[in-house]
Amino acid sequence: MDGARVRRRELGAFLRSRRERLAPEQVGLARGGRRRTPGLRREEVAHLAAVGVTWYTWLEQARDIQVSAGVLDAIARALLLDQNERAHLFTLAGTADPSPAAERCLLNPALREMLRNLEPLPACVQNSRYDLLAYNRTYGRLLRDLDELPAESHNCMWLAFTDPEWQRALVDREETVRVMTANFRASMAEHLAEPAWKHQLKRLQESAEFRRLWERHEVIRPQGGRTKRFRNPLVGLLHLDVVQLWLGPRIGARLLSYVPADEESRARLQQLHALVSDRP
């Protein structure tokens, strides 16, 4: 039996188990007459999640159907799943959880300690919208002083299209923004109805350059193993190899670290770290 079929069967069994543990009163429904099986009926879950009864039945029956992150979110809420159960649901479905809570739960003390211990290597945690969820001190001064910016500006795409300091630090900026736009389009295909993604797209479209690239309809998935060039305002030119570690299923949050590609860049990173090491 192939892996996809196994996951569908596990997903169906998990949904049935969560449905059968809930009493109608727990979700605001009247118990009504005699029930032949424990818990909620399938049509009740479908009603609570605002999906079709047939479609939800097929999902529990492990049919080969498409399921979006938005629908999974609605089902998770209908079944009153806790954070661990929600994460398990999205993992079985092979879809990244788009909720802010799912991203925040990744930023535990151990991960933050890892970011600190990677210094002097610049490192950050970034989601597929290019939001910076966390970063260490070296990354905080790699392209510009991030701590000077409000939290809502901590998005690498937004900075690449609008911030002069960030733009000057990107040696190969034209190619960088083209690839970022293509990555964003490919990732957004799985999140078309989600408010955070629509808000990000609307905000980026304030840039005429972004609008021009967006209309090209290029799609590229993020890849590691690349060498990037940054012109740091404090220590000069850096050649850094990109390492990516995924922190969730499929295309979700990832830890990015930048490793010196040559000895000169290594020495300059050490110098940068010495300049910022007094920061909290």
Side-chain angles (χ1 to χ4, degrees), residues 103 106-107 111-184 187 200 203-204 207 209-210 220 222-247 252-280:
E103 293 179 335
L106 293 170
L107 303 180
L111 182 55
R112 293 184 184 277
E113 179 69 17
M114 179 183 290
L115 288 174
R116 286 192 292 271
N117 288 335
L118 283 171
E119 294 178 358
L121 301 182
C124 67
V125 177
Q126 185 185 97
N127 64 16
S128 50
R129 291 192 304 274
Y130 289 99
D131 293 324
L132 287 168
L133 307 179
Y135 52 86
N136 63 14
R137 293 173 297 182
T138 318
Y139 187 90
R141 292 297 296 272
L142 180 62
L143 286 92
R144 58 113 66 229
D145 189 343
L146 282 171
D147 294 340
E148 290 182 345
L149 298 174
E152 58 268 23
S153 294
H154 287 185
N155 179 278
C156 294
M157 277 193 79
W158 174 252
L159 293 169
F161 281 106
T162 66
D163 186 79
E165 288 187 54
W166 195 274
Q167 291 171 338
R168 284 193 294 269
L170 293 171
V171 176
D172 305 298
R173 180 185 170 278
E174 185 174 339
E175 176 63 10
T176 296
V177 295
R178 184 189 72 83
V179 171
M180 292 177 83
T181 303
N183 282 339
F184 183 75
S187 298
Q200 172 80 338
R203 189 182 187 207
L204 287 168
S207 163
E209 182 183 19
F210 173 81
I220 303 173
Q223 296 178 350
R226 296 164 293 154
T227 299
K228 289 192 173 185
R229 297 190 297 169
F230 301 112
R231 186 174 290 107
N232 182 269
L234 297 176
V235 300
L237 184 64
L238 296 164
H239 292 79
L240 305 177
D241 293 330
V242 184
V243 178
Q244 299 190 77
L245 300 175
W246 301 107
L247 301 179
R254 56 192 180 271
L255 187 149
L256 295 174
S257 183
Y258 296 84
V259 179
D262 53 55
E263 288 305 313
E264 186 174 17
S265 296
R266 186 179 305 277
R268 288 177 175 176
L269 267 189
Q270 292 281 2
Q271 182 184 355
L272 177 61
H273 181 246
L275 292 171
V276 302
S277 59
D278 60 337
R279 288 195 166 198

Practice prompt. Go through Arg268 and Leu237 one step at a time and tell me if the side-chain contact (heavy atoms from CB on, under 4.5 Å) criterion holds.
Written response: CA-CA 8 Å; Arg268 288 177 175 176; Leu237 184 64; 3.7 Å; yes
Could you please spell out the steps behind the side-chain contact (heavy atoms from CB on, under 4.5 Å) verdict for Leu275 and Val235?
CA-CA 10 Å; Leu275 292 171; Val235 300; 4.2 Å; yes
side-chain contact (heavy atoms from CB on, under 4.5 Å) evaluation trace for Thr181 with Met157
CA-CA 8 Å; Thr181 303; Met157 277 193 79; 4.0 Å; yes
Exercise for review: List the steps and the verdict of side-chain contact (heavy atoms from CB on, under 4.5 Å) for Tyr139 and Ser257.
Suggested key: CA-CA 9 Å; Tyr139 187 90; Ser257 183; over 6 Å; no
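Contact of the Pro122 side chain with the Tyr135 side chain is not registered, since no non-hydrogen atoms from C-beta on lie closer than 4.5 Å. Leu142 has its side chain within reach of Leu238: a pair of non-hydrogen atoms, C-beta onward, lies under 4.5 Å apart.
The distance from the CZ atom of Arg178 to the CG atom of Asn183 is 9.5 Å, given to the nearest 0.5 Å. Remark: Arg129 CZ to Trp158 CH2 distance equals 15.0 Å, nearest 0.5 Å. For the atom pair CZ of Arg226 and CG of Asp172, the computed distance is 11.5 Å after rounding to the nearest 0.5 Å. With values rounded to the nearest 0.5 angstrom, Arg254 atom CZ is found 5.0 Å from Gln244 atom CD. Asp147 CG to Arg144 CZ: the interatomic distance, rounded to the nearest 0.5 Å, is 10.0 Å. Atom CG of Leu121 and atom NE2 of His273 lie 9.5 Å apart (nearest 0.5 Å).
The two residues Arg112 and Ala134 have their closest heavy-atom pair at NH1-CB, 3.9 Å. Shortest non-hydrogen contact noted between Glu209 and Val177 is OE2-CG2, 3.9 Å. Pairing each heavy atom of Ser207 with each of Phe161, the nearest pair is OG-CD2, 3.7 Å. Phe184 and Ser128 get closest at one heavy-atom pair: CD1-O, 4.3 Å. A pairwise comparison of heavy atoms in Phe230 and Leu240 identifies CD1-CD1, 3.7 Å as the closest pair. Contact record, Arg203 with Glu152: NH1-O, 3.0 Å, taken as the closest heavy-atom pair.
A donor-acceptor pair under 3.5 Å is formed between the side chain of Asn136 and the backbone N or O of Leu115. Checking side-chain atoms of Gln167 against main-chain N and O of Ala160 turns up a donor-acceptor pair under 3.5 Å. A donor-acceptor pair under 3.5 Å links the side-chain atoms of Asn232 to the main chain of Arg141, judged by distance alone. Side chain of His154 to main chain of Leu146: a donor-acceptor pair is present (N/O by atom type, distance under 3.5 Å, no hydrogens or angles). Proximity of a side-chain donor or acceptor of Arg231 to a complementary backbone N or O of Val171 within less than 3.5 Å is not detected. When atom types are taken as modelled, the side chain of Asp163 and the backbone of Glu165 share a donor-acceptor pair closer than 3.5 angstrom.
Surrounding CD of Glu113 are more than 12 heavy atoms belonging to other residues, nucleotides or ligands, all under 6.0 Å away.
Each of Thr138, Val276, Leu269, Leu272 was evaluated against Glu119; a single residue qualifies, Thr138, per the side chain to side chain contact (heavy atoms under 4.5 Å, CB included) test.
Within the cation-pi definition used here (under 6.0 Å to the ring centroid, within 45° of the axis), Arg229 does not qualify as a partner of Tyr258.
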